[in-house]
Amino acid sequence: MLNKMLYNTVLSQTLSPCGKYLVAGNTYGDLAVFDLDRILNPVLELLSVEYNKPKHIHSIDSKKQICSLVSTEKFLIIGTVNEICGWDWKAVVSVKLLKPVWSIKIPSQTFLDYNDVNCMWLSQDSEKLYAGCGDNNVYVFNLEDGSLISTYKGHNNFIHSIHGKNQQIISAGEDGLVMLWDTRSGKSHNKLEPHTNNKVSRPDIGKWIGSAALGDDWIVCGGGPRLSLWHLRSLDAVTVFDIPDNGIHVSFFHDDCVFAGGTSKHFYQMSYSGEVRVELPVSATTIYSAVLRTEYSTLLSLAGSSPEIDLCTSLNYKDQVLHFR
Amino acid sequence: MGKEEVTAVKKRRKLNTSTSNDGTKSVPVDVYKRVVEFEEAEAHLRPADKDAAFFNKTCQDIRQLFKEIAELKTKETLEAKEKINAKRVEASLLLVALKKLNRLEKVRTRAGRDALHKEKQRVDSTHLLLQNLLYEADHLNKEVTKCLQFKSKDEEIDLVPLEEFYKNAPPDIIRSEATKADEHQLQLARLEWELRQRRELSEACNELISSKERVAAAIAAARSRLDALAPHLKDVLKSTKPLQECLALRLDEKRDEARAASLLPASLFLLFKNANAYSDILGSKVISVGVCGDEDEARRHDQNNVENDIISSNESDSDQENNDEDQQTKKKRHHRTKNVSKEDKAEAKIKRVFKKHPLNVQVSVKAEDGTALNLILSYLINLKIIVVKFTVSLPKPVTGVSAADVLNGHSILNELYPGDTGDDSPHPATSYLLKNAGISESFSHFIPEIGRPYVWAQRMCGIDFMTSELNEQSVRRAVEPCPNLSVATVENFIMTLKKRLKCRVKLMHELQDLESGKISPPKGSLPPSMRLAGSLTQWQSVGWPEYSQAPSTAFLVTEGLVSANDLLYRAIITRQSAKLVALVALRSDYPKSVPIFSLTLHWNGTHHAGINDDIRDIERVINTEIDLEERKHCTLSTQITKLLACLDILLETSDSPEFPPDKVILHPVRGRNRSKPYKFVNQGVGVFVHH
């Protein structure tokens, strides 16, 4: 029998607030903590075969899949099945991960015995946590006391991704809808169905939208339909990115570039006009998670359906491969 | 002067008488005698020097006379002539006197001479005496020294030391007073004692020799009796044969076996002994053992070995010889083609290096259904390792190509113990020996001819290569077979091989079924009522190149999870337009280890785990998600059934019109990775849920 880690799938990653650790969570309920200092600035004498393996691999108690990760100053917030748990960062980087400091249970629905917290997004002031779940709802939690503030209902199928900017939340779902929510009112004021646009739709892959992100005036989204750039107010498809992929799962804006990846051999960086600036080859069959930071040093980490995580210290080329084993 | 005249007369008479001796003999003799006496006395009496002076004077007178005569002669007177005559007469008388003087002188000389002679003689005789005495003295001296130097033999004899002598010898020999006083006596006594002792000892020795001879004669007699006995015993044995047959005892065969076994080399003998023991316990239905080969040759070989053991560099010498011989034969045959002799030389070298002991042990392990694996283990004398050749005997022929392969001898024995493929010699010195003999190919090259050197075979014969070092001296030294190792290994081996045979037979049956497209009803979690729309359309064994070059197996190969040693197959499952190609790798110890599937789907394009997450997920389910319950029954068939179910789910959840949904599925897609429900839960009709 093969080792199940050979078929590892990482659904989410996040960086520690101090910038020294990269945390990745997979579908087996394992959390890998990588020591970025040791990996990016290796000391030759201490170099061993294990240096690109995680410093620790913790297993959360329920052994349910880790669907999403968010980090605050004090806590690592993990969204698993039916609940959201928070761990102290100190416990995460230590040898033993104890019980979570706090946990929030998703109000369970009767027709579903499992409810994945597929995606989470932290508000600017780190007080509110928006969680897009498998029961087709977006829940807003207050991080001070863990209480539910509001629920955004509207999707017909589970939610793939959630992103927020300027009092707006955008959510993408398996039903093919991209919905825009106003955080103050808690209502959806707009929605988008890319699969109805025949420039964009790809019926053999599906109508699901894997990822949607908000820019200043723009929305980028993709999934079954092609990755495309839409104007925020007019909701017109301005650019359709022509990249060879079989489904987009990750997309975001950064510095006038659109970063996107999914079931493809590469992770793309493109300009708003659609030209491809950088193609990064990836080890995974499908990228489900990409983390970018520019504060301490440039770091782009790509993970997905593979036991390997690609680490780039420059946005132009792949630097290292970490092993989640 | 008157005397002179007398003497002169006498002289004349003497002269005359010398001529006529007749009657006057006595008288002249007398006279002669008297004259002689007289003359001698005269000579004696007259002093010599006066005669000398007289002589001188006479001479002077004569001279004077002559002078006067001469003067007178000149005068020539008659007076002168008378004077001359007178002078002449005087002169003549003087001459006579001279004559007398002369005579006297002669006598005197003669007397002197005689005296001298006498003295001389006396001196000579005393001289002689002196010499004699000197000689004698010398001689005596020599004799004395010789006597003194004489080492009598008695000094060389080791005598009994003095104290012991005084202690042991009887009193009549000791004679203590005499011996204490006189050393010579002491010596004599000791010698006597010595002599006596030695005589006694020699008598004793003779007695012992005679007794020894008697005993030797007795032994010879006994031996001859025993030899005479041997044919009698043989007769007795022969006569027991009918009795043995009657009682069904295999004593004769056992004895033959034992005799053959005694000629086996040490390691094979260990194996034979232990395997025989197990055969007796477990019964010959499970394992049977035998010794085959040429016994006479084995005996000859043993004798040769004993002689050659003394020469330590046996191999290299004979190698040299062989080379030289071949050189010569090559020269002889130079008019023939050279290629022949070169090949012959290489052949001969190879044959010599890989020479097997003439006897080998045959072990046959049987499974319950009658399938048997026959192993022939032989010992390579020069390389000092065991090689195994094998045949498989099946109760009924196997249909199906891949199924038959599974029961091929090497496939059964491959990796019986982890890592033991029998591809190369486990003896660290083998490559050195081969190079030494000038053979350039590696040992693996010769495996098809001589057999496989499995490590378990070495251990069963008690040869353990873990402890042997590699250096030139130890190459010659044999690795000693260890009996304990052999015992432990034989038991383990028999059990392992039986299990392996059993599993292989089951696998063979399974493969037979699969080849004909039949999937035997699984004892797995799927109920038989579940309709699986797909079907197995092909089952074939594939080779390593094809397996390793397929894109779907890339990561398995790079991770080293599959190797060319495993059994590789290709299964094709079809459902309408969708074709799923599964490359299956079975390890040698199936079913202990689960087969590994690598999938490629041909439907709307080619998909495999490297490019499609859905296929990757199915692979994950098939290869890794096997819980403990399923492990016990997990076989190829169960996994293929699961694979069929997964394919159905995948196709039916793909929203394609070709595959209408048939299974009961609550939620077709879950999570950001959009995984499909492959797990079957036996509730009601049976639902497929996500994990």
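Numbers restart at 1 for each chain; the letters A, B, ... are given by sequence-line order, proteins then strands. When reading the values below, keep in mind they use all heavy atoms of this one structure, side chains included, and skip hydrogens, waters and symmetry mates.
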query = In terms of heavy-atom proximity below 4.5 Å to chain B, should A:Lys265 be classed as side chain, backbone, both, or neither?
reply = side chain
key: Proximal component of A:Ser161, with respect to chain B [non-hydrogen, under 4.5 Å]   =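 Neither the backbone nor the side chain of A:Ser161 comes within 4.5 Å of chain B.
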task = Kindly determine whether B:Asn673 and A:Thr27 satisfy side-chain contact (heavy atoms from CB on, under 4.5 Å), including the steps that lead there.
result = CA-CA 10 Å; B:Asn673 53 350; A:Thr27 50; 3.9 Å; yes
key: Partners passing side chain to side chain contact (heavy atoms under 4.5 Å, CB included) against A:Glu193 (at least two apart in sequence or in another chain)   =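 With sequence neighbours excluded, A:Glu193 shows a side chain to side chain contact (heavy atoms under 4.5 Å, CB included) to A:Leu177, A:His195, A:Thr196, given in chain and number order.
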ask   = Taking atom CZ of B:Arg674 and atom NE2 of A:His249, what is their separation to the nearest 0.5 Å?
value = 7.0 Å
task = Could you tell me the separation between the OG atom of B:Ser654 and the CD1 atom of A:Ile205, rounded to the nearest 0.5 Å?
result =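 Rounded to the nearest 0.5 Å, the OG-CD1 separation comes out at 13.0 Å.
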message = If I measure from the heavy atoms of chain A, does B:Ile611 come under 4.5 Å with its side chain, its backbone, both, or neither?
response = both
request  = Measure from NZ or CZ of B:Arg670 to the centre of the six-membered ring of A:Phe158 and say whether it is under 6.0 Å with the direction within 45° of the ring axis.
outcome  = no
ask   = Yes or no on side-chain contact (heavy atoms from CB on, under 4.5 Å) for A:Tyr7 and B:Asn623, after CA distance, side-chain angles and deciding distance?
value = CA-CA 10 Å; A:Tyr7 293 102; B:Asn623 284 337; 3.0 Å; yes
task = For A:Thr263 and B:Asn612, indicate whether the former's side chain and the latter's backbone hold a donor-acceptor pair under 3.5 Å.
result = no
message = Under a 3.5 Å distance rule, please check whether B:Arg672 uses its side chain to pair with a backbone N or O of A:Gly210 as donor and acceptor.
response =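 No.
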request  = For chain A, find its close neighbours in residues 543-560 of chain B: heavy-atom separation under 4.5 Å, sorted by number, or none.
outcome  =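 Under the 4.5 Å heavy-atom cut-off, B:Phe555, B:Leu556, B:Glu559 qualify.
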remark   = Contact list (residues 576-584 of chain B to chain A, heavy-atom gap under 4.5 Å, by number) returns none
Worked check of side-chain contact (heavy atoms from CB on, under 4.5 Å) between A:Thr286 and B:Arg616 = CA-CA 10 Å; A:Thr286 309; B:Arg616 183 174 185 259; over 6 Å; no
query = Cut-off 3.5 Å, side chains only: do B:Asp613 and A:Ser305 have a donor facing an acceptor?
reply =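 A donor-acceptor contact under 3.5 Å links the two side chains.
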key: Under the salt bridge (charged side-chain N to carboxylate O under 4.0 Å, His left out) test, residues paired with B:Asp617 that sit two or more places apart   =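 Counting only residues at least two positions away or on another chain, B:Asp617 forms a salt bridge (charged side-chain N to carboxylate O under 4.0 Å, His left out) with B:Arg620.
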inquiry  = Heavy-atom pairs under 4.5 Å with chain B: which of A:Val81, A:Leu11, A:Ile159, A:Asn246 has the most?
reply    = A:Leu11
